[in-house]
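Below you'll find the structure, written out as structure tokens, and then a few comments.
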Amino acid sequence: MEDSPDYFCRNCGHEWKEDWLPMTINFDKIFHSGDPIGDKFLSRLFGIFGEELVRYWCSCPQAPYEDLGRPTVYVPGEMRGHTLDFTLCHRKTGKIFVAEMKCELEFQNYRYLRLTGAWQLEHHRNAAFLKFLHLARHSKSYKVKVRGHEVRVNGAVLIWGR
């Protein structure tokens, strides 16, 4: 029938029409619609729920990564570390990565809607993000704990809310 779904997920039973497949939705048009007030609202809404989207994705057995929880990153001798968004474990290799998510869709007139260069990270000057960037290259210089247990990380993953 015309109103019937075209697809369904065998795991969760979710159904959808073909025109709602992710590859048919133009992300830029949703978040840069020409209505800055509405786009700002959607951007904030996406930011609030973005982390949950990643956690939900990681809970799917077919996803390449499993989320182990929020990591706290310490430099040697530091008593209080910085807590980041995710600890991702690659299901096939077992490699572990700390991950941080940034969602700046409407920020500064859509300047960060798409991540196109490292210059777009320069305005992030807080200690947690700087530690995250340094850990990406020097993971052995840090101690990382997830749910109170120390884990050895292999690097870092930046998730851009796009």
Side-chain angles (χ1 to χ4, degrees), residues 22-23 25-162:
M23 59 285 246
I25 297 172
N26 186 317
F27 190 88
D28 291 359
K29 286 183 181 176
I30 292 172
F31 290 98
H32 194 178
S33 70
D35 173 18
I37 294 171
D39 292 347
K40 186 180 290 278
F41 173 77
L42 285 176
S43 180
R44 289 181 186 236
L45 188 66
F46 188 79
I48 291 169
F49 294 107
E51 286 187 24
E52 289 308 310
L53 292 172
V54 173
R55 286 188 184 91
Y56 185 74
W57 173 71
C58 286
S59 71
C60 179
Q62 291 81 11
Y65 294 97
E66 173 186 3
D67 179 25
L68 303 179
R70 293 176 69 93
T72 303
V73 180
Y74 304 84
V75 293
E78 186 178 37
M79 297 302 292
R80 292 185 58 166
H82 290 91
T83 301
L84 302 176
D85 295 328
F86 310 98
T87 308
L88 301 177
C89 179
H90 192 266
R91 292 183 196 272
K92 288 185 180 175
T93 65
K95 289 185 176 182
I96 297 175
F97 305 90
V98 296
E100 185 71 357
M101 181 173 187
K102 294 295 180 196
C103 182
E104 304 171 335
L105 305 173
E106 185 275 335
F107 182 62
Q108 291 187 349
N109 196 29
Y110 308 95
R111 188 174 183 190
Y112 303 94
L113 183 62
R114 289 177 179 263
L115 181 62
T116 58
W119 64 268
Q120 291 170 295
L121 303 178
E122 291 174 1
H123 69 281
H124 291 287
R125 306 310 304 159
N126 68 49
F129 193 74
L130 293 175
K131 189 182 282 186
F132 165 78
L133 290 176
H134 191 261
L135 181 143
R137 291 184 176 208
H138 308 284
S139 61
K140 293 179 181 161
S141 301
Y142 293 88
K143 179 170 72 170
V144 178
K145 287 187 176 183
V146 180
R147 297 185 175 139
H149 301 288
E150 193 168 335
V151 296
R152 183 164 186 264
V153 297
N154 300 95
V157 172
L158 174 63
I159 302 170
W160 198 255
R162 159 74 180 85

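Heavy atoms only: backbone and side chains are in, while hydrogens, waters and symmetry mates are out.
Taking both residues in full, the closest heavy atoms of G94 and C89 are given as O-SG, 3.9 Å, listed atom of the first, atom of the second, then distance. When all heavy atoms of A63 and C58 are compared, the pair lying nearest together is CB-CA, 4.2 Å. The two residues V98 and F132 come nearest to each other via the heavy atoms O-CE1, 3.9 Å.
Applying the salt bridge (Lys or Arg N to Asp or Glu O under 4.0 Å) test to residues at least two apart or on different chains, the pairs with a partner in residues 122-139 are E78-K131.
The backbone N or O of G69 sits less than 3.5 Å from a side-chain atom of T87, completing a donor-acceptor pair. Side-chain atoms of D85 come within 3.5 Å of backbone atoms of M101 as a donor-acceptor pair (strictly under, hydrogens ignored). When atom types are taken as modelled, the side chain of D39 and the backbone of S33 share a donor-acceptor pair closer than 3.5 angstrom.
In this structure, the separation between OG1 on T72 and CZ on R147 is 11.5 Å, given to the nearest 0.5 Å. The distance from atom CG of L88 to atom CD1 of I159, rounded to the nearest 0.5 Å, is 5.5 Å. One finds the CH2 atom of W57 at 15.0 Å from the CD atom of E52 (value rounded to the nearest 0.5 Å). Here the CZ-CD distance, from R91 to Q62, works out to 8.5 Å after rounding to the nearest 0.5 Å. Distance check: K140 NZ to L135 CG gives 12.0 Å after rounding to the nearest 0.5 Å.
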Side-chain donor-acceptor contacts of residues 148-158 below 3.5 Å, not counting sequence neighbours, with atom names and distances?
| residue | atom | partner | partner atom | Å |
| --- | --- | --- | --- | --- |
| N154 | OD1 | I96 | N | 2.8 |

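Considering only heavy atoms from C-beta on, V73 comes within 4.5 Å of L84 through its side chain. Between H82 and F129, the closest side-chain pair of non-hydrogen atoms is not below 4.5 Å.
For Y142 and H134, the distance between ring centers is under 6.0 angstrom.
Aromatic ring pairs are classed by plane angle as parallel below 30°, tilted from 30° to 60° and perpendicular above 60°; the pair F97 and Y65 is perpendicular.
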